[in-house]
Amino acid sequence: MTTKEHVVHILDELRWRGLVAQSTDEQALRDALESGPVTVYCGFDPTAPSLHHGHLVQLVLLRHLQRSGHRVLALVGGATGMIGDPRMSGERVLNSKETVAEWVERLRAQISRFLDFDGDNPARMVNNLDWTAELSAIDFLRDIGKHYRLGTMLAKDTVARRLASDEGISFTEFSYQILQGLDYLELNRRYGCTLQTGGNDQWGNLLSGVELIRKAEQTGVHALTTPLITKSDGTKFGKTEGGAVWLAPDMMTPYAFYQFWINTDDADVVGYLKTFTFRTREEVEELERAVVERPHAREAQRVLAGDVTTLVHGRAATDAVVAASQALFGRGDLAELDESTLAAAVAELPRAVVPEEPVQVIDLLAEAGLVAGRGAGRRAVAEGGVSINNVRVTDPDALLDASQLLHGRWAVLRRGKRTLAVAEAVSG
RNA sequence: GGCAGGUUACCCAAGCGGCCAAAGGGAGCUGACUGUAAAUCAGUUGCGCAAGCUACGGGGGUUCGAAUCCCUCACCUGCCA
């Protein structure tokens, strides 16, 4: 921490980083954060086998708070994940208990990377299934349900809109807000938690807990939300060919993850540096100048991609993908790369196996997942969008011949400008 | 439980007996221009080299011919109880 950060209030720091959208009584929150360690919690529901870019914002926020001395609780929604937070796109399909349990474990492992669970201010991991599994329906309705007014619940934005939609809303999803409120109450009682954070779309759910605690405990607690991360061109942040930007390496390779960030628009990169990296104001300002003065150098994008990939996948993985990116997108001829450099670079890519017999290029493309099928492969070749070792392929029926294998082992397949895979000969 | 409406490709949505592998929009993909950026313009988006095959919630039927008509099942929604 630089000396300057000591004089900047954590809330102002977070605001500068674009991490603050709404909060309950801001002055009260400001005073609380200033007067001593605040216990804060943020929940993560197991709706998929991995966290994604949206959760990353929350994890970064928690990390900032922990670094400035506050106590952090990371909650995995073993219970809420079985109910489903209502969303505008319609009723969710319930996952099996086994699936939810499995995903809970995966999320736990992922969250652990972002916070410090040792030292003198350790973060703590909690699971809301721990206090809901044994809760009887009667106790739930008497002790918790009695504090909830139907009018308030129905007025919640998502609920109201879902009710007005053709699809409506099930009682299960409607009840979600109570479960989340209960979590906050429970954490307040157990650990003195007085701040809950979340995405701005969670505002209603956060307030559910704030109100429940006010009624049940006659005490005021805080809520703080982060803004929805946006892109300047109006499209959705975090959307890729494969879906979301997953943090799990088995769902999105570190290479693909790095590439996602390095392809950030000029118009967005400074904002993302503030939000997703821990760079100081001075560093960000310098990179901001670099974007204006030398946009083609893409320095800000490189720093962003490097920092975020390191945060999520670690130093070693990042070094590997940076080297791979430089090799594969560098100016030089791929054939001139030495064997070990090329080996490291292609290690990050999806691959297809080159059999003994002659094989069609389009089959390799399909096998490597670069195209959806042979037809799509033919189309890609016809469009001029396929190259092998940076040499454009023009014949849809082209075969890969052994002379194209670099170092006798690899051929770099490229579709479009930046989607890569490798065809590898079986060694032997 | 009753009545009404709905279920079309990644999403929205048109089509209501042949000219439908299915309009239009969104989104995606590719090319040109670039800086692995944006914007713009162009092409493209069921499987198959092709003949052809499989498709409009599932099943059955009418018809020379069905996404389109009939029956039935499933699911969704609304109103009423």
Side-chain angles (χ1 to χ4, degrees), chain A residues 86-94 161-174 230-244 253 255-273 287-288 290-306 309 321-332 334 345 348-349 359-363 365-366 368-387 390 392-399 412-421:
Chain A
R87 53 182 175 182
M88 277 317 299
S89 54
E91 194 79 15
R92 291 171 191 267
V93 175
L94 292 176
R161 286 162 67 177
R162 276 283 295 282
L163 265 176
S165 75
D166 287 346
E167 194 182 2
I169 184 170
S170 67
F171 180 70
T172 305
E173 289 195 357
F174 173 63
T230 56
K231 278 173 62 174
S232 56
D233 62 7
T235 59
K236 201 173 168 190
F237 168 73
K239 198 166 173 243
T240 69
E241 206 178 334
T253 65
Y255 173 81
F257 185 84
Y258 179 84
Q259 287 292 322
F260 167 78
W261 292 99
I262 209 160
N263 279 308
T264 300
D265 295 1
D266 291 359
D268 296 318
V269 72
V270 173
Y272 293 178
L273 278 167
L287 288 164
E288 189 166 10
V291 174
V292 175
E293 292 163 13
R294 305 179 293 280
H296 51 278
R298 307 172 61 76
E299 288 163 54
Q301 278 89 344
R302 282 176 219 287
V303 169
L304 173 68
T309 308
V321 299
V322 169
S325 296
Q326 281 171 352
L328 297 168
F329 284 102
R331 292 268 177 271
L334 282 173
E348 305 297 329
L349 303 177
V359 60
Q360 285 196 325
V361 171
I362 55 171
D363 283 324
L365 292 175
L370 243 41
V371 295
R374 286 171 52 84
R378 289 188 159 270
R379 194 183 311 125
V381 171
E383 290 169 336
V386 174
S387 66
N390 291 340
R392 183 172 287 182
V393 177
T394 51
D395 176 11
D397 295 313
L399 301 173
V412 177
L413 309 174
R414 185 189 300 265
R415 169 162 163 267
K417 198 170 291 184
R418 57 202 179 198
T419 313
L420 295 157

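For the pair A/R379 CZ and B/rA42 C1', the interatomic distance rounds to 16 Å; values are reported in whole Å. Taking atom CD1 of A/I169 as the reference point, atom C1' of B/rU77 lies 14 Å away to the nearest angstrom. Between A/I262 atom CD1 and B/rG35 atom P there is a gap of 16 Å when expressed in whole angstrom units. As a whole-Å value, the separation of A/D268 CG from B/rA38 P is 10 Å. Between the C1' atom of B/rA50 and the CD1 atom of A/I362 lies a distance of 13 Å, rounded to the nearest Å. Between the CZ atom of A/R418 and the P atom of B/rU30 there is a distance of 7 Å, given to the nearest Å. As rounded to whole Å, 12 Å separates atom P of B/rC47 from atom CZ of A/R374. The interatomic distance linking A/E293 (CD) with B/rG35 (P) rounds to 18 Å, in whole Å.
Across the P atoms, B/rA38 and B/rA27 are found 14 Å apart, a figure rounded to whole Å. Atom name C1', nucleotides B/rU8 and B/rA55: the rounded distance is 10 Å, in whole Å. Taking atom C1' in both B/rC73 and B/rG6, one finds a spacing of 16 Å when rounded to whole Å. Look at the P atom in both B/rG52 and B/rA21: the space between them is 12 Å, to the nearest Å. Atom name P, nucleotides B/rA13 and B/rU62: the rounded distance is 34 Å, in whole Å. A gap of 34 Å separates the P atoms of B/rG26 and B/rC79, to the nearest Å. On the C1' atoms, B/rA22 is 16 Å away from B/rC12, given to the nearest whole Å. Spacing between B/rG15 and B/rG60 at atom C1', rounded to whole Å, works out to 24 Å.
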Run A/L287 and A/V270 through side-chain contact (heavy atoms from CB on, under 4.5 Å) and show every step you take. CA-CA 8 Å; A/L287 288 164; A/V270 173; over 6 Å; no

Applying side-chain contact (heavy atoms from CB on, under 4.5 Å) to A/V269 and A/W261, what does each step give before you reach the verdict? CA-CA 9 Å; A/V269 72; A/W261 292 99; over 6 Å; no

Stepwise side-chain contact (heavy atoms from CB on, under 4.5 Å) test for A/V386 and A/L365: CA-CA 9 Å; A/V386 174; A/L365 292 175; 3.8 Å; yes

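Closest approach to the A/Q259 side chain among B/rG35, B/rU36, B/rC29 is made by B/rU36 (side chain taken as heavy atoms from C-beta onward). Taking every side-chain heavy atom of A/R392 into account, B/rG31 is the closest of B/rG31, B/rA37, B/rU30. When each of B/rA38, B/rU44, B/rG31 is scored by its nearest atom to the side-chain atoms of A/E383, the top-ranked nucleotide is B/rU44. Considering only side-chain atoms of A/R415, the nucleotide from B/rA37, B/rC29, B/rC49 that sits closest is B/rC29. Closest to the side chain of A/R298, from the set B/rU36, B/rC49, B/rG31, is B/rU36.
Under the 3.5 Å distance criterion, the side-chain polar atoms of A/R415 are matched with a main-chain donor or acceptor of A/L370.
B/rC10: Watson-Crick or G-U partner is B/rG26, with both key distances under 3.5 Å. Nucleotide B/rA4 forms a pair with B/rU77, judged by Watson-Crick or G-U wobble geometry with both contacts under 3.5 Å. With a 3.5 Å ceiling on both atom-pair distances, B/rG48 lacks any Watson-Crick or G-U wobble partner. When both pairing distances are held under 3.5 Å, B/rU62 makes no Watson-Crick or G-U pair with any nucleotide shown. Base pairing of B/rC56 is not made with any nucleotide, judged by Watson-Crick or G-U wobble geometry with both donor-acceptor distances under 3.5 Å.
Among the protein residues, A/R414 comes within range of no part of the nucleic acid, since none of its heavy atoms lies under 4.0 Å from any strand. Base engagement by A/N263 is indicated by at least one non-hydrogen atom pair under 4.0 Å involving a base atom.
Taking for each of A/A372 and A/S325 the nucleotide of RNA chain B with the nearest heavy atom, the 5'-most of the two is the partner of A/S325.
Counted by atom type alone, A/T253 and A/E348 present zero donor-acceptor pairs between their side chains at under 3.5 Å.
Between A/T230 atom OG1 and A/F237 atom CZ the span is 9.5 Å, to the nearest 0.5 Å.
Cation-pi contact between A/R414 and A/F329: present, with separation from the ring centre below 6.0 Å and deviation from the ring axis of at most 45°.
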